[in-house]
Amino acid sequence: MNPTISDIDSTTEEEREDIDGDGDGVASATGTGTRTGVVHRSSASSRRRDVVEHPAPTDDRAREATVCVVGLGYVGLPLAVGFSRENYQVLGYDIDESKVESLRNGVDTTGDVGDDAIQTEEIAYTTDADVIGEADYVVITVPTPIDDTDRPRLDFVESAGRTVGANMAPGTTVVLESTVYPGATREVLVPALEESSELEAGKDFFVAYSPERATPADDEHTLENVVKVVGAADNAVREHVAALYETVVDAGVYRAPSIEVAEACKVVENAQRDLNIALVNELAMAFDRMDIDTQAVLEAASTKWNFHDYRPGLVGGHCIPVDPYFLTHRASQEGYDPQLLLASRDVNEAMPEHVAKQTFKALNQCDKTLRQSDVLVLGLAYKPDVADIRSSKAAAVVEELREFDVNVVGYDPLADDDAVRSVFDIDVQEELSFEGIDAVVFATAHSAFDDLEPDEMAAELADEPSLIDVASAFDRDAVTDAGIAYWGV
């Protein structure tokens with residue numbers, strides 16, 4: 001059984017509100033309370049102003065540490081499990097009481113690490129911010145969304161900093177893993193820590209940045225198998241934090257020369273992917289007007305040894321559509337607007353409309369009347385084999401279709417049906433059925449769909465049906481041989 005710590009949360013109901021709904025938010029503490037059990041240092045209540053000597057970066061020293069992970073979402077929870085597997089004392093802090101209760105009961109709230117891991121590892125899950133004072137390392141993994149004007153929102157980071165600062169003991173090392181723009185650790189997190197703790201960074205506590213590289217539903221690229229990047233204010237702190245991560249990351253740790261380099265590398269990783277996907281998405285829209293098969297073009301081009309094989313599609317989720325804006329925001333503060341990055345974002349944001357237009361063309365060419373057509377959107381999550389429908393561009397496709405009074409029904413074997421009804425405002429099939437459907441928009445290629453056969457689909461579909469293969473998962477010839485009009489993106 002997992003050890004528990006009594007729920008004594010010093011935050012208000014308003015502070016507990018999760019701004020973007022993913023449950024990783026951290027509210028600021030209204031008081032520090034009384035700490036007990038502080039590891040490897042004198043009581044935090046004294047708030048000593050003496051210089052704290054940074055421990056030597058040895059493996060033995062690192063393994064004696066207590067680690068507190070702040071924010072138990074798809075980044076924080078696997079990290080907490082990883083540290084626990086290496087026999088660290090691990091504290092998991094989150095303001096979401098229902099999430100913490102589920103974790104205490106052995107339920108994986110992310111669907112990414114498995115219930116067995118939650119039940120096996122001895123992690124103390126809590127909503128009590130007091131436990132932060134027991135940690136040698138505090139790792140912050142809170143969400144960093146963008147607002148309606150595509151500007152980064154770092155209120156979770158700032159709030160987490162206030163909570164951690166109000167409760168941490170002198171000598172603590174705070175590591176930020178949330179995606180931020182270059183400079184945000186020093187400009188946003190450090191002031192919040194210093195103000196709430198009345199301690200000085202680099203003297204009384206230490207700060208580092210290590211960008212998360214979590215990939216939900218990817219069994220190959222796990223915490224252990226992906227190189228960790230670490231940047232810090234000085235070499236001693238960087239080496240110490242690197243030594244900590246090296247005990248849990250088999251792939252090794254890359255020492256970045258500064259915090260800003262580590263911050264920038266994360267946004268560049270996803271900006272690069274956004275750029276490459278935007279290229280093939282723009283090609284798809286251009287080739288559609290030329291009546292050229294985009295997939296056939298890409299197959300031919302991929303025969304060259306140095307061709308990068310990207311495929312067109314919807315770009316949703318919490319990273320690729322978001323991270324480029326962190327970089328463009330910071331660059332604009334310095335008087336430079338990165339036009340290529342912004343143009344790529346515009347191209348990828350236009351894809352839901354393109355998919356909808358392809359659907360309209362398919363219906364029209366199959367002699368269907370839009371207002372009398374039934375369209376099934378197959379797969380509603382933002383990526384294959386995850387249940388998360390937040391930031392899914394399938395919602396934008398549905399919205400475009402409904403603008404022309406098309407009757408839309410959805411099905412996703414992983415997503416919560418009630419959540420889909422609420423977010424997409426459509427009818428949802430609880431069991432997959434193609435009965436009477438005029439067109440299928442295959443948006444997200446869950447592995448649960450791997451066994452779909454065009455012949456079996458055609459037997460249920462309405463007369464003159466069509467398939468809009470957004471995920472590029474079906475064989476064109478097999479679909480057309482089954483009597484279904486095939487449309488790629």
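Remember, it's a predicted structure, so these values are computed and weren't measured experimentally.
Note: Leu79 CG to Lys228 NZ = 7.0 Å, rounded to the nearest 0.5 Å. In this structure, CG in Asp155 is found 8.0 Å from CD in Glu158, a value given to the nearest 0.5 Å. Separating the CZ atom in Arg213 from the OG1 atom in Thr215 is a distance of 10.0 Å, to the nearest 0.5 Å. Distance check, rounded to the nearest 0.5 Å: CD of Glu349 to OG of Ser344 gives 11.5 Å. Rounded to the nearest 0.5 angstrom, Leu199 CG and Met168 CE are separated by 5.0 Å. Once rounded to the nearest 0.5 Å, the distance linking CG of Leu314 with NZ of Lys393 reads 9.0 Å.
Between Val113 and Asp108, the closest heavy-atom pair is N-OD2, 2.9 Å. Residues Gly313 and Met351 come closest through the heavy atom pair O-CG, 3.7 Å. Here the shortest heavy-atom pairing between Leu341 and Ala271 reads CD2-CB, 3.9 Å. What you find for Leu72 and Thr110 is that their closest heavy atoms are O-CG2, 4.3 Å. When every heavy atom of Val190 is checked against every heavy atom of Ala201, the shortest pair comes out as CG1-CB, 3.8 Å. The shortest non-hydrogen separation linking Ser210 to Val230 is OG-CG2, 3.9 Å.
Of the possible donor and acceptor atoms, one in the side chain of His446 sits under 3.5 Å from a partner among the backbone N and O of Asp385. Between the side chain of Tyr209 and the backbone N or O of Ser178 there is at least one donor-acceptor pair closer than 3.5 Å. Under a 3.5 Å cut-off, the side chain of Glu194 and the backbone N or O of Glu200 do not form any donor-acceptor pair. In this structure a side-chain-to-backbone donor-acceptor pair under 3.5 Å is present from Thr144 to Thr179. In this structure, the side chain of Thr303 does not engage the main chain of Glu299 through any donor-acceptor pair within 3.5 Å. The backbone N or O of Leu380 sits less than 3.5 Å from a side-chain atom of Asp412, completing a donor-acceptor pair. In this structure, the side chain of Arg162 does not engage the main chain of Ser196 through any donor-acceptor pair within 3.5 Å. With hydrogens and angles ignored, the 3.5 Å screen pairs no side-chain donor or acceptor of Glu97 with any backbone N or O of Thr127. For Asp274 (side chain) and Asn270 (main-chain N/O), no donor-acceptor pair under 3.5 Å exists by modelled atom type. Side-chain atoms of Glu263 come within 3.5 Å of backbone N or O of Thr185 as a donor-acceptor pair.
Counted within 6.0 Å of CD on Glu282, heavy atoms from surrounding residues, nucleotides or ligands total 12 or fewer; the atom is thus considered open. The environment of Glu269 atom CD is dense: over 12 non-hydrogen atoms of other residues, nucleotides or ligands sit within 6.0 angstrom. Heavy-atom contacts from other residues, nucleotides or ligands closer than 6.0 Å to CG of Asn306 number more than 12. Within a 6.0 Å sphere centred on CD of Glu195, heavy atoms belonging to other residues, nucleotides or ligands number 12 at most. In this structure, Arg151 places its CZ atom where only 12 or fewer heavy-atom neighbours from other residues, nucleotides or ligands lie under 6.0 Å away.
The shortest distance between side-chain heavy atoms of Ile259 and Arg186 falls below 4.5 Å. Residues Val164 and Val174 meet the side-chain proximity criterion, which asks for heavy atoms closer than 4.5 Å. A 4.5 Å side-chain heavy-atom check between Val420 and Ile389 finds at least one atom pair inside the cut-off. At least one side-chain heavy atom of His329 sits under 4.5 Å from a side-chain heavy atom of Gln333. Contact check for Thr109 versus Tyr125: no side-chain heavy atoms found under the 4.5 Å cut-off. Residues Glu198 and Asp204 fail the side-chain proximity criterion, which asks for heavy atoms closer than 4.5 Å. You'll find the side chain of Thr328 stays beyond 4.5 Å of the side chain of Tyr181, heavy atoms only. Between Val81 and Ile118 the shortest side-chain heavy-atom distance falls below 4.5 Å.
Between the side chains of Arg273 and Asn276, no donor-acceptor pair of N or O atoms lies under 3.5 Å. Counted by atom type alone, Asp128 and Thr126 present zero donor-acceptor pairs between their side chains at under 3.5 Å. For the 3.5 Å distance criterion, the side chains of Glu86 and Thr247 fail to qualify, holding no donor opposite an acceptor. Defined by atom type and a distance below 3.5 Å, a donor-acceptor pair is present between the side-chain atoms of His318 and Asp388. A donor-acceptor pair shorter than 3.5 Å cannot be found between the side chains of Asn105 and Ser102.
Between Tyr88 and Phe83, the ring-plane angle classifies as perpendicular under the 30° and 60° cut-offs. Under the 30°/60° scheme for interplanar angles, the aromatic rings of Phe449 and Phe442 are found to stand perpendicular.
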- Derivation of the side-chain contact (heavy atoms from CB on, under 4.5 Å) call for Val377 and Val398: CA-CA 8 Å; Val377 179; Val398 169; 4.1 Å; yes
- Task: Could you walk me through whether Glu239 and Arg255 pass side-chain contact (heavy atoms from CB on, under 4.5 Å), step by step?
- Result: CA-CA 8 Å; Glu239 289 303 314; Arg255 275 85 165 161; 3.2 Å; yes
- Step-by-step side-chain contact (heavy atoms from CB on, under 4.5 Å) determination, Ile140 to Leu189: CA-CA 10 Å; Ile140 298 174; Leu189 178 62; 3.9 Å; yes
- Message: Assess the residue pair Asp450 and Ser447 against the criterion (side-chain hydrogen bond (donor to acceptor under 3.5 Å, both in side chains)); give the C-alpha distance rounded to whole Å, side-chain angles, the decisive distance to 0.1 Å, and a yes or no.
- Response: CA-CA 5 Å; Asp450 288 350; Ser447 57; 5.0 Å; no
- Task: Go through Glu220 and Asn225 one step at a time and tell me if the side-chain contact (heavy atoms from CB on, under 4.5 Å) criterion holds.
- Result: CA-CA 7 Å; Glu220 180 181 356; Asn225 300 328; 5.8 Å; no
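Only one option out of Leu283, Leu298, Val280 pairs with Tyr310 in a side-chain contact (heavy atoms from CB on, under 4.5 Å); it is Val280.
Using a cutoff of 4.0 Å between basic side-chain nitrogens and carboxylate oxygens, Lys266 and Glu212 are scored as salt-bridged. Between Asp147 and Arg153 no salt bridge is recorded (no basic side-chain N to carboxylate O distance below 4.0 Å).
The distance between the ring centers of His240 and Tyr245 does not fall below 6.0 angstrom.
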